[in-house]
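Shown next, in structure tokens, is the structure this report addresses.
Numbered from 1 within each chain, the chains take letters A, B, ... in sequence-line order. Every heavy atom of this structure was used, including side-chain atoms; hydrogens, water molecules and symmetry mates were not. Computed from a predicted model, the values in this text were never measured in an experiment.
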Protein chains: 2
Amino acid sequence: MSTTTDRLLDAAESAMRLRGYHAVSFRDLADELGIKSASVHYHFRQKEDLGLALVGRYSDRFFTTLEAHAVQSQTPKDRLSAYCKTYRQALRASDKMCLCGLLGAETCGLPDRLRSAVAAFFDANISWVAKALPTNLPARHRKAKAAQIVATLQGAMMLATSLRDPKTFDAAANALLADL
Amino acid sequence: MSTTTDRLLDAAESAMRLRGYHAVSFRDLADELGIKSASVHYHFRQKEDLGLALVGRYSDRFFTTLEAHAVQSQTPKDRLSAYCKTYRQALRASDKMCLCGLLGAETCGLPDRLRSAVAAFFDANISWVAKALPTNLPARHRKAKAAQIVATLQGAMMLATSLRDPKTFDAAANALLADL
DNA sequence: GTCTATAATTTGATAGAC
DNA sequence: GTCTATCAAATTATAGAC
């Protein structure tokens, strides 16, 4: 049985992954749960607090799922495949953008702490991918390759969302994997 | 000497490429130009009209610049290099996201016609890149590869914006070009 | 924890004078 | 083309009762 806080997080995540930070209001969320917007403020004092909780939960869940997918991957190729799979699931399970992909694009319109939290998610992504790459590559090379991989998957989610065609994600992700 | 309409488009483009559609108001733009928000409605009846004009102008300018860069490119590699260069310039000249990259992420929160205009920009992008690829590849393959290339550059702009580090774009774009 | 009530501000938009 | 004046609605947020 989920608490009101959890239900609020679920509703907010769904809405923000579709429309972005500024297009989601406390009233929207309250209506969806059948409560009043003042009650939402009991769970999250400010909208910024809601955003921070959202990014924290999203990031934790993402890396937990990623580790589960990668746990028995031996080769670099297997680990990168697990990474792609985690993104694919995030998109295809719900037909929604990556929360951080959307917030990252809106970055300059976000409160400072939220902006930092999103940036931290991407730092962690790039680090994870860089570590998964073959160890014989120079560190500089690995970081650039990792940025390319993260960028491709994030951009592919955005394209699939804008074009309303999830297959666009698969096309881009598979073309990427074929090169690795 | 630019007209008020042009100055409004400039101000709106800059603001929306930083913060997104919903975080930009007619009053913001009016203040920036030293006029009243009611006057903005003379130039653009609704916010949606402003958005449409913005995407139209952005798309025209993008493809004009792209053709200028690609005009004397003979090989597929040269044409794709020109494509990357056009994105790089868009980002590095102003340290701002691609307008359509940001609106594409916010897609579900946008008015229908605006959403379609953004999707058309990406359709045109993918078609352009697919045509630039080596003609010996099967059409299906080319479209997937084109989606990968567009996705990488769009994702790289988002990453560079979120991380506040333009070099992240170059790292991802160069790693992409190295594979082509 | 949720409510009513309310404040303060912002927003998109219109009517009509100049 | 720009202004004043105004509107209705929405938004974030708080105080205090239950």
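Residue Arg45(A) places none of its side-chain N or O atoms closer than 4.0 Å to OP1 or OP2 of dT12(D). The side chain of Ser25(A) contributes an N or O atom lying less than 4.0 Å from OP1 or OP2 of dT11(D).
Between Gln89(B) and Thr65(B) the shortest side-chain heavy-atom distance falls below 4.5 Å.
Rounded to whole angstrom, the span from the CG atom of Leu29(B) across to the P atom of dT10(C) amounts to 15 Å. Counting to the nearest Å, the P atom of dA10(D) and the CZ atom of Arg19(A) are 14 Å from each other. As rounded to whole Å, 12 Å separates atom P of dA15(D) from atom NE2 of His41(A). The nearest whole Å value for the distance from the CD atom in Gln46(B) to the C1' atom in dA13(C) is 9 Å. Rounded to whole Å, atom C1' of dC3(C) lies 17 Å from atom CZ of Phe26(A). Distance CG (Leu50(A)) to P (dT12(D)): 10 Å, rounded to an integer number of Å. As a whole-Å value, the separation of Asp31(B) CG from dT2(D) C1' is 15 Å. Protein atom NE2 of His22(B) is 13 Å distant from nucleotide atom P of dT12(D), rounded to whole Å.
Using a 4.0 Å heavy-atom distance criterion, Tyr42(B) is classed as a base contact. Contact annotation for Val24(B): backbone-only contact, meaning every heavy-atom pair under 4.0 Å involves sugar-phosphate atoms and none involves a base. At the heavy-atom level, Ser39(A) lies under 4.0 Å from base atoms of the strands shown.
Heavy atoms of other residues, nucleotides or ligands lying less than 6.0 angstrom from NZ of Lys77(B) number more than 12.
For Lys167(B) and Asp170(B), the salt-bridge test fails: no basic side-chain N is under 4.0 Å from an acidic carboxylate O. Looking at Glu106(B) and Arg19(A), no side-chain N of the basic residue comes within less than 4.0 Å of a carboxylate O on the acidic one, giving no salt bridge.
Set against dG12(C), dT12(D), dT2(D), the side chain of Thr4(B) has dT2(D) as its closest nucleotide. Of the candidates dG12(C), dT2(C), dC3(C), the closest approach to any side-chain atom of His43(A) belongs to dT2(C). Of the candidate nucleotides dA13(C), dC3(D), dA13(D), dC3(D) has the atom lying nearest to any side-chain atom of Lys36(B).
A cation-pi arrangement is not found for Lys36(B) relative to Phe26(B), the charged atom failing to lie both closer than 6.0 Å to the ring centre and inside a 45° cone about the ring normal.
Each of Arg27(A) and Ile35(A) lies near DNA chain C, and the nucleotide nearest Ile35(A) is the one positioned closer to the 5' end.
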